[in-house]
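The shown structure was predicted, so the numbers you read here are calculated from the model rather than taken from an experiment. Just so it is clear, the values below take in all heavy atoms, side chains as well, and ignore hydrogens, waters and symmetry mates.
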Amino acid sequence: MNACGRCGRKLKTQKSIDDEYGPVCKVKQAEADAEFERIQITIDQVVEQERLSA
């Protein structure tokens, strides 16, 4: 199916079909992915927080 993975609209260009996102949604998804990665913490950070609060 040639639908955008973010909004579901029909994709019109081969590049968009290959990317699985339209050009606007591709930018929005990249921003959302970057924010998701930014707010993640590692297990080491969790252990350190636990150690400091104990």
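- S16 has its side chain out of reach of C4: every pair of non-hydrogen atoms, C-beta onward, lies at least 4.5 Å apart.
- Atom OG1 in T13 sits 7.5 Å away from atom CG in D19 (nearest 0.5 Å).
- Not counting sequence neighbours, the partners of D33 by the side-chain hydrogen bond (donor to acceptor under 3.5 Å, both in side chains) test are Q29.
- Summarising the geometry, atom CD belonging to E48 is positioned 10.0 Å from atom OG1 belonging to T42; distances are rounded to the nearest 0.5 Å.
- Here the side chains of I17 and Q14 are in contact, with some heavy-atom distance below 4.5 Å.
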Practice prompt. Take Q40 and Q45, measure what side-chain contact (heavy atoms from CB on, under 4.5 Å) needs, and give me the verdict at the end.
Written response: CA-CA 10 Å; Q40 297 303 300; Q45 291 169 316; over 6 Å; no
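- Of the options E20, E31, K15, a side-chain contact (heavy atoms from CB on, under 4.5 Å) to K26 is made by K15 and by none of the others.
- Pairing each heavy atom of A32 with each of R6, the nearest pair is CB-NH1, 4.2 Å.
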